[in-house]
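Below is one structure; the comments refer to it alone.
What you see is a predicted model, and the numbers here were worked out from it, not measured in a lab. As the structure lists them, so they are numbered: ligands from 1, and atoms in each ligand from 1.
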Amino acid sequence: MPDRLDLPAGFRWGVSTAAYQIEGAVEEDGRGPSVWDVFAARPGAVREGHSGAVACDHYHRYPEDIELMRGLGLDGYRFSIAWSRVQPTGAGPVNPAGLAFYDRLVDALLEAGIAPLPTLFHWDLPQALEDAGGWLNRDTAYRFGEYAAVVADRLGDRIPTWITLNEPFVHMVYGYALGIHAPGRALMLDALPAAHHQLLGHGLASAALRERGLEVMIANNLTPVWPASSSDADLAAADAYDALHNRLFTDPLLLGRYPDLSAYGVAPDLSAYGVAPDLSAYGVAPDLGGCVHDGDLKLISATPLDGLGVNYYNPTRIAAPTDPGLPFAEAPIDGVPRTAFDWPVVPDGLRELLTGLRDRYGAALPPITITENGCSTTAAIDDQPRIDYLAGHLDALAEAVAQGVDVRGYYTWSLMDNLEWAEGFNQRFGLVYVDFETQRRAPRASYAWYRHLIAAHRARSSR
Ligand code: FCB
């Protein structure tokens, strides 16, 4: 059995973070408010009333954080750019002081020998755009394209590869369908236009990046879907869930069409636009609420992805619906270890996911990078469960590579403990422990483990 040390030479090692989860300094240097500032101020929205107002104070402490990354011997660092630092209202003139922060960050990373891998949107929409409808408004996609151009003009000379969106599925479901994340809207299936507009935004941003000679990726949250039984009802439910979670955000990019969403009430009428979606199982109007315009899918798929970013945490078990409003119900996964967040730990799910992507998309599948994978633990420093989690998933990844899947890199979530969205500071995902009272950073056992792994892999592949 191949293991993690057998990953190919040149395999890239990294860590991931996101702006609102680490930066703090929300009112500094002209940054405008984002949906997360406003959401976190709502009583009860984030556990214990936590917010990203200070977070890890990375805005001021980034040199120290880059030293921690240098200590790991990383190839790359995935971070996100806060749109409202660059354009405080999400449109119009650029705020030079905001953009200058990322300029300094990028230079410092390059000086440390670490390649920056920026994500343009990791859920922190400028509040002014949300006030105009957010991702339910088609205009937001055009604003996103303009913002991408502005940032690429400034940083594209030093950064060859860009990620447009982080997990548009999670943003749509948690932010617009269930209201658990910002902007806190609970629209259920009426949230579906937020899928199309994010994808359209991806297409417009990709065009802007490609015009500037840059490479384009997206970071999708993907999950193997396990039917709860082999009954027809459970199999149909699993298919419907797979269409929503995995295919809705990947088929349009790789195949230029929506998946069959008929289980959501979306009729196959979208074929008028050269697509054959079946969302009807979700009770959705035949045209995704009228938001898919002629030519959109062409635009969404026009710039081929240079890489697919995969964020993997766990598989999902799906049974026939219990609530008539949805074509599926989530079922528990029993008999496996669980993280502090109570997420099931199934390392082989990563191999299953990756080989499944290869089987599904074949030649249309670009090279893959794991852009997030990790777990929360309760241990201050001695975080053996995290080491076990990472080791297991990296071995499963090596197995997928041995089975022929082209995977180029692995960015663990996360460099350091940070604001875990609605959970506040209560779920700790870091290789580095953060004391949020003093901002003291302390590398955990997993930090040393990851450093040794990276060094050992390099030593072995340079032989
Ligand atoms: C992902 C998010 C990331 C982090 C991890 C734990 O869904 O992209 O910001 O919160 O989960």
- Task: Establish, from distance only, whether the side-chain atoms of N166 and H171 form a donor-acceptor pair under 3.5 Å.
- Result: no
- Does the distance from a Lys or Arg side-chain N to an Asp or Glu carboxylate O, for R158 and D107, drop under 4.0 Å? yes
- Query: Would you find a donor on one side and an acceptor on the other, under 3.5 Å apart, between the side chain of D323 and the backbone of G325?
  - Reply: yes
- Set of residues that line ligand 1, where lining means a heavy atom lies under 4.0 Å from it: Q21, H122, W123, N166, E167, Y313, E372, W413, E420, W421, F429
- salt_bridge(D57, R61) N-O dist < 4.0 Å: yes
- Task: For W135 and H196, run ring-ring contact (aromatic ring centres under 6.0 Å, His included): C-alpha distance rounded to whole Å, both residues' side-chain angles, the deciding distance at 0.1 Å, then the answer.
- Result: CA-CA 9 Å; W135 287 109; H196 183 65; over 10 Å; no
- Verdict with supporting geometry, N246 and R360, side chain to side chain contact (heavy atoms under 4.5 Å, CB included): CA-CA 11 Å; N246 295 316; R360 173 171 285 171; 4.2 Å; yes
